[in-house]
Amino acid sequence: MTSWLEEEAANFGLDQIPQHGNRYQRAGEFIDVVTHLWDSWEDGALLFDKQRGLFADADKVHRLNHHGDFFKVRGPLNVPRPPQGHPVLVQAGSSDAGKQLAASRADMHFVFIKSIEQGKAYREEMNQRLKALGRSPETFKIIAGVLPVVVNSEAEKAERQQLNAQLMSDRMAIDLLSAYLKLDLSPYPYDKPLPPLPDEANFDGIRTVLQLIRDYDPALSILELGRLLLQSSDSWLVIGSAQEVADTLADIYLSGAADGFNLMFPLLPGDF
């Protein structure tokens, strides 16, 4: 579990979330355990031999006997492996530990970018990580989060942006920013800039979002920053005509900045 909220930890039998580095060590070991469980059944292990009363070939089903820092699992898996062997592994999170986990184990990596240049630079960094681990970059797909909003005119675009602003409450904006920073901002004046941000090395929240917040104009007030994050989180807002949205997505793909998209809609069901 690489989640960052105490409420999520409580659902997994933990009193608090593990420290940031330990979360990714635990996730790496978890992935190792799961992949070895899938592999505990060899291809051809299933017999369905009614005459001999054999469901599977015992020589092709194996125990793990895994004893690690976080898990102890005997195995084998209690169901046969899926037809494709391993399901696709998708990782989200762009802290240094998150990127390293993605490079070492993931098939697809979900990222937040705001420009083609940023996406291409991110891909180059991941390519270097993959090569250092002996992986081919061609086997690794980057999926960018985007917020596509289709409008039919400049007037409709202005109306839509006004609607988005009306749907956001100040309380929601402050609560979201507080949650991201793991810092209660309610005592601070909302029309002033943020107080000093946590040090990344000791931050147990989403370090990707912490860096995103650092990258915004430091003169923004707490409320302005909260509303920005509430409107688009850290995803790329692509707003325009159907042709403009399609052209933007095509440009991102053809440039090599991303291999595909996770479509995240600000307003449902209309945007969908």
hydrophobic_cluster_shared for [Y] and [X], side chain cutoff 4.5 Å:
X	Y	value
Tyr190	Leu197	yes
Leu268	Leu263	yes
Leu228	Leu163	no
Leu46	Leu54	no
Leu220	Met172	yes

Using modelled atom types and a 3.5 Å cut-off, is there a donor and acceptor pairing between side-chain atoms of Glu244 and backbone atoms of Ser241? yes
Would you say the side chain of [Y] lies within less than 4.5 Å of the side chain of [X], judging by non-hydrogen atoms?
X	Y	answer
Leu194	Leu185	yes
Arg129	Lys99	yes
Ile142	Ile113	no
Leu101	Ile31	yes
Ser40	Arg63	no
Gln91	Phe110	no
Tyr253	Leu249	no
Glu42	Val61	no

Leu229 vs Ile213, test: side-chain contact (heavy atoms from CB on, under 4.5 Å). Steps then yes/no. CA-CA 9 Å; Leu229 291 172; Ile213 293 170; 4.0 Å; yes
Classify the ring geometry of Phe272 against Phe265: parallel below 30°, tilted from 30° to 60°, perpendicular beyond 60°. perpendicular
Closest approach of [X] and [Y], non-hydrogen atoms and distance?
X	Y	value
Phe112	Gln118	O-NE2, 4.2 Å
Ile116	Trp236	N-CH2, 3.7 Å
Arg135	Ala102	NH1-O, 3.5 Å
Pro87	Asp107	O-OD2, 4.0 Å
Val111	Ser94	CG1-OG, 4.3 Å
Tyr188	Ile222	CB-CD1, 3.7 Å

Taking ring pair (Phe, Tyr, Trp, His ring centres under 6.0 Å) as the definition, give me every residue that meets it alongside [X], ordered by chain and number, with sequence neighbours left out.
X	value
His86	Trp38
Phe261	none
Phe55	Phe48

Return all side-chain donor-acceptor pairs below 3.5 angstrom for residues 143-155, not counting sequence neighbours, or 'none' if the list is empty.
residue	atom	partner	partner atom	Å
Asn152	ND2	Glu156	OE1	3.4
Ser153	OG	Glu156	N	3.0

To the nearest 0.5 Å, what is the distance between [atom1] on [X] and [atom2] on [Y]?
X	Y	atom1	atom2	value
Asp271	Arg160	CG	CZ	4.0 Å
Ser235	Lys114	OG	NZ	8.0 Å
His109	Lys141	NE2	NZ	14.5 Å
Lys192	Glu224	NZ	CD	11.5 Å
Thr248	Ile239	OG1	CD1	11.5 Å
Glu159	Gln161	CD	CD	11.0 Å

Test side-chain contact (heavy atoms from CB on, under 4.5 Å) applied to Arg23 and Arg26, step by step: CA-CA 5 Å; Arg23 294 208 296 271; Arg26 186 175 187 272; 5.8 Å; no
Would one find more than 12 heavy atoms of other residues, nucleotides or ligands at under 6.0 Å from atom [atom1] of [X]?
X	atom1	result
Lys157	NZ	yes
His36	NE2	no
Asp15	CG	no

What verdict does the side-chain contact (heavy atoms from CB on, under 4.5 Å) test give for Leu177 and Leu225, after you've listed the backbone C-alpha separation in whole Å, the side-chain angles of each residue and the deciding distance to 0.1 Å? CA-CA 8 Å; Leu177 186 55; Leu225 183 54; 4.2 Å; yes
Looking at [Y] and [X], is there a salt bridge between them, counting it only when a charged N and a carboxylate O are closer than 4.0 Å?
X	Y	value
Asp49	Arg52	yes
Arg227	Asp170	yes
Arg105	Asp32	yes

Kindly determine whether Glu29 and Gln25 satisfy side chain to side chain donor-acceptor pair (under 3.5 Å), including the steps that lead there. CA-CA 6 Å; Glu29 185 179 328; Gln25 291 176 5; over 6 Å; no
Evaluation steps, side chain to side chain donor-acceptor pair (under 3.5 Å), between Asp247 and Gln243: CA-CA 6 Å; Asp247 286 346; Gln243 187 66 55; 2.9 Å; yes
Leu133: which other cluster members, linking ILVMFWY side chains closer than 4.5 Å, directly or transitively? none
Using residues 71-82 as the side-chain source, report each donor-acceptor pair under 3.5 Å to any protein atom, sequence neighbours left out, with the distance given to one decimal.
residue	atom	partner	partner atom	Å
Arg81	NH1	Asp39	OD1	3.4
Arg81	NH1	Trp41	O	3.3

